[in-house]
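Data block below; observations after.
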Amino acid sequence: MPKLTIDGIEIEVEAGLTVLQACEQAGVEIPRFCYHERLSIAGNCRMCLVEMERAPKPVASCAMPVGDGMVIRTDTEAVRRMRRGVMEFLLINHPLDCPICDQGGECDLQDQAMAYGSDRSRFGEAKRAVEYKDFGPLVAGIMTRCIHCTRCIRFITEVAGVPELGATGRGEHMEVGTYVAKALTSELSGNIVDLCPVGALTSAPYAYQARPWELRKTESIDVLDALGSNIRVDSRGPEVLRVLPRNHDDVNEEWLGDKSRHAVDGLKRRRLDRPYLRGDDGKLREVPWRTALDAVAERLRDAAPDRVGALAGDLVDCESVFALKSLLDDLRVPHRDCRQDGAALDPTARASYLFNSTVAGIEDADAVLIVGSDPRRESPVLNARIRKRWLADGTPVGVLGVDVDLTYPSTHLGTDPGLLPKLAGAPFGKVLAAAERPMIVLGMAALARPDGAAILAAARALAEAVGAVTDDWTGFNVLHTAAGRVGAMDLGFVPGDGGLDTRGILGAARDGKLDLLYLLGADGIDTAGLDAPFVVYQGHHGDAGARIADVILPGAAYTEKDATYVNTEGRPQRARRAVFAPGEARCGRASVLT
């Protein structure tokens with residue numbers, strides 16, 4: 001391990017680090033604009049210049065590898081003068097948009113200008129201006145503010161794998177754009193807003209809504225897919241204004257999918273904010289909570305246990321599931337299920353429904369087989385992790401299912417799940433068998449088929465045959481799409497002895513064999529023909545379940561309660577309340593009925 005001296009302090013660091021990283025380890029902050037620890041090194045902003053002993057000129061610390069015996073000085077008068085000069089050049093053409101720029105208050109250029117900027121400019125010519133770039137409805141591009149750090153280009157090309165951004169022109173005529181005018185199509189495009197160190201790229205839906213110091217910041221967990229990305233919910237008063245990613249190296253690193261980032265505008269639309277009860281005329285009317293609860297309690301008392309069914313939806317937290325399960329256990333109701341898409345998940349063995357290799361473990365896999373899944377759409381951040389693994393050493397990826405663009409090369413093996421039992425002897429099966437840590441990813445599209453149980457069994461058999469399950473590696477993985485499903489299965493919200501699953505419960509309800517159907521945020525079911533039973537819907541949006549309900553119990557969304565979610569790899573994480581639920585909606589705990 002090389003030893004070097006930084007500002008008079010000797011430090012020993014790992015070989016291969018850069019001088020900037022070594023300075024960070026020594027507790028010395030180096031200003032930078034283009035450098036980012038998860039992107040390739042560009043070395044084009046020059047803000048990180050430092051002095052190195054025996055070097056003929058200053059060095060860019062972000063691009064200089066450490067060497068044994070180096071002597072680095074980061075805070076001399078010459079270094080400060082260099083940084084002031086770089087800042088002066090950056091501000092030559094930068095517009096004075098701070099009062100109207102959405103990046104104001106969290107802008108790296110503002111922060112560094114406080115340390116190295118000047119109160120006047122020696123530049124007398126007209127400022128350079130760039131035409132507005134239309135990047136689509138999610139990202140606003142005011143490229144006159146661009147300082148050409150190229151972070152956005154490197155992210156879109158390297159991490160997202162959709163090389164739509166690039167630089168055209170040279171020198172003063174250089175512009176960052178999409179070559180041909182078009183909207184960004186990457187499902188991770190919102191991350192370039194976070195990466196932009198100035199206000200060139202901002203969030204279009206969030207434009208001109210608030211300043212950072214007006215917002216209350218709450219650390220929470222995303223529920224729009226099953227990855228459980230760590231997020232920060234920014235709210236003002238009763239309204240959630242934006243969602244940003246938090247760093248968690250083992251889950252989402254510091255990225256977030258566009259759906260998770262921008263779906264928060266739905267939190268203030270079509271909300272259920274008071275209880276409703278359907279009258280004799282078939283119309284829903286507002287009622288007090290006690291009236292709604294009494295109506296449900298009366299129906300539950302009158303119904304036999306085998307004539308009651310319950311379904312839990314995809315966004316339900318563990319506490320709500322546990323409360324409803326406790327109520328059903330007290331009533332001896334066996335008909336319940338959390339797999340509203342009918343996925344053939346085996347609740348008896350936890351390893352059969354988890355992403356066992358863990359999300360971070362993807363970086364250890366040396367061959368990947370994806371069965372019945374499109375991770376780019378179902379879990380874009382996880383898909384970026386697979387791409388990261390492919391970029392590292394060209395890990396082979398096979399796809400059994402619909403042939404889609406995953407942003408990395410893959411071998412399409414067909415669409416017939418009947419090929420799965422034969423795969424061990426096929427060419428790609430031999431690739432898996434030759435790998436030290438093969439990984440199989442089984443998606444919900446395969447398990448939700450009528451033959452889903454057979455596909456699950458065949459995938460498990462294949463994992464055993466190719467050595468994906470050993471003492472120190474479990475490469476059999478299920479990629480969930482529902483944030484609440486793993487937690488519900490862990491809690492046992494599955495059919496009891498003699499109980500019906502989702503298909504059985506819905507069939508019995510249509511045939512008049514159920515007197516009461518309890519829907520806990522279950523909106524992904526086919527509601528046609530569910531007229532016979534008394535339907536209780538507990539949820540936060542007026543969706544499919546609410547339309548057929550006889551009683552509506554308004555609940556709280558994921559940003560409005562403290563709750564626990566278990567992600568696809570079985571990791572329990574805690575979501576925190578950012579705002580209060582609207583109106584008379586309550587934190588959804590079914591125990592209020594007991």
Between Asp562 and Arg574, is the closest basic N to carboxylate O distance under 4.0 Å? no
Determine all donor-acceptor pairs shorter than 3.5 Å in which one atom belongs to a side chain in residues 400-411; sequence neighbours excluded.
| unit_1 | atom_1 | unit_2 | atom_2 | d |
| --- | --- | --- | --- | --- |
| Asp405 | OD1 | Thr407 | N | 3.0 |
| Asp405 | OD2 | Arg376 | NH1 | 3.4 |
| Tyr408 | OH | Asn383 | OD1 | 2.8 |

Counting only heavy atoms not in Glu363, do more than 12 fall under 6.0 Å of its CD? yes
Can you tell me if CZ on Phe89 sees more than 12 non-hydrogen neighbours from other groups inside 6.0 Å? no
List the residues meeting salt bridge (charged side-chain N to carboxylate O under 4.0 Å, His left out) with Glu219, not counting sequence neighbours, and say none if there are none. Arg246
Do Val359 and Asp250 touch side chain to side chain, with heavy atoms closer than 4.5 Å? no
Rounded at 0.5 Å granularity, tell me how far CG in Leu109 sits from CD1 in Ile147. 6.0 Å
Interatomic distance, CG@Asn93 vs SG@Cys146, rounded to 0.5 Å, equals 11.5 Å
Donor on one side chain, acceptor on other, Tyr116 and Arg83, under 3.5 Å: yes
For residues 101-108, dump all side-chain donor-acceptor pairs below 3.5 Å to protein atoms at least two apart in sequence or in another chain.
| unit_1 | atom_1 | unit_2 | atom_2 | d |
| --- | --- | --- | --- | --- |
| Asp102 | OD1 | Tyr208 | N | 3.1 |
| Asp102 | OD2 | Tyr208 | N | 3.1 |
| Gln103 | NE2 | Cys196 | O | 3.1 |
| Gln103 | NE2 | Val198 | O | 3.3 |
| Glu106 | OE1 | Arg242 | NH2 | 3.1 |
| Glu106 | OE2 | Arg242 | NH1 | 3.0 |
| Glu106 | OE2 | Arg242 | NH2 | 3.3 |

Ring-face cation contact, Phe580 with Arg577, 6.0 Å cut, 45° max: yes
Pairs in or reaching into residues 259-270: which pass side chain to side chain donor-acceptor pair (under 3.5 Å), with residues at least two apart or in two chains? Asn191-Arg261, Asp194-Arg261, Asp222-Ser260, Glu239-Lys268
CD of Glu12 to CG of Asp68: how many Å apart, nearest 0.5 Å? 8.5 Å
Does a side chain donor of either Ser189 or Asp258 reach within less than 3.5 Å of an acceptor in the other side chain? yes
Rounded at 0.5 Å granularity, tell me how far NE2 in His480 sits from CE in Met444. 5.0 Å
For Arg271 and Ala557, the nearest pair of non-hydrogen atoms, with its separation, is NH2-N, 3.8 Å
Which atoms form the tightest heavy-atom contact between Phe33 and Leu90, and what is the distance? CE1-CD1, 3.5 Å
Salt bridge (Lys or Arg N to Asp or Glu O under 4.0 Å) pairs touching residues 33-43, sequence neighbours excluded, are Arg38-Asp249, Arg38-Glu253, Arg38-Glu254
Going by the side-chain hydrogen bond (donor to acceptor under 3.5 Å, both in side chains) test, name the single residue among Thr568, Asp490, Asp314 that passes it with Arg485. Asp314
Answer yes or no: does atom CE of Met114 have more than 12 heavy-atom neighbours from other residues, nucleotides or ligands under 6.0 Å? no
Looking only at non-hydrogen atoms, find the nearest pair between Asp317 and Ala563 and report the distance. CB-CB, 3.5 Å
For residues 131-140, the side chain to side chain donor-acceptor pair (under 3.5 Å) pairs (sequence neighbours left out) are Lys133-Glu175
Is a donor from one side chain sitting under 3.5 angstrom from an acceptor on the other, for Ser186 and Glu164? no
Under-4.0 Å salt bridge between Arg232 and Asp234: yes
Flag the pair Arg236 and Glu214 as a salt bridge only when some basic side-chain nitrogen lies within less than 4.0 angstrom of an acidic carboxylate oxygen. yes
Enter the distance from Thr74:OG1 to Ile6:CD1 here, rounded to the nearest 0.5 Å. 8.0 Å
Starting at OG of Ser352, measure out to CZ of Phe476 and round the result to the nearest 0.5 Å. 7.0 Å
Do Tyr35 and Gln21 pair up side chain to side chain, a donor and an acceptor below 3.5 Å, judged on atom types alone? yes
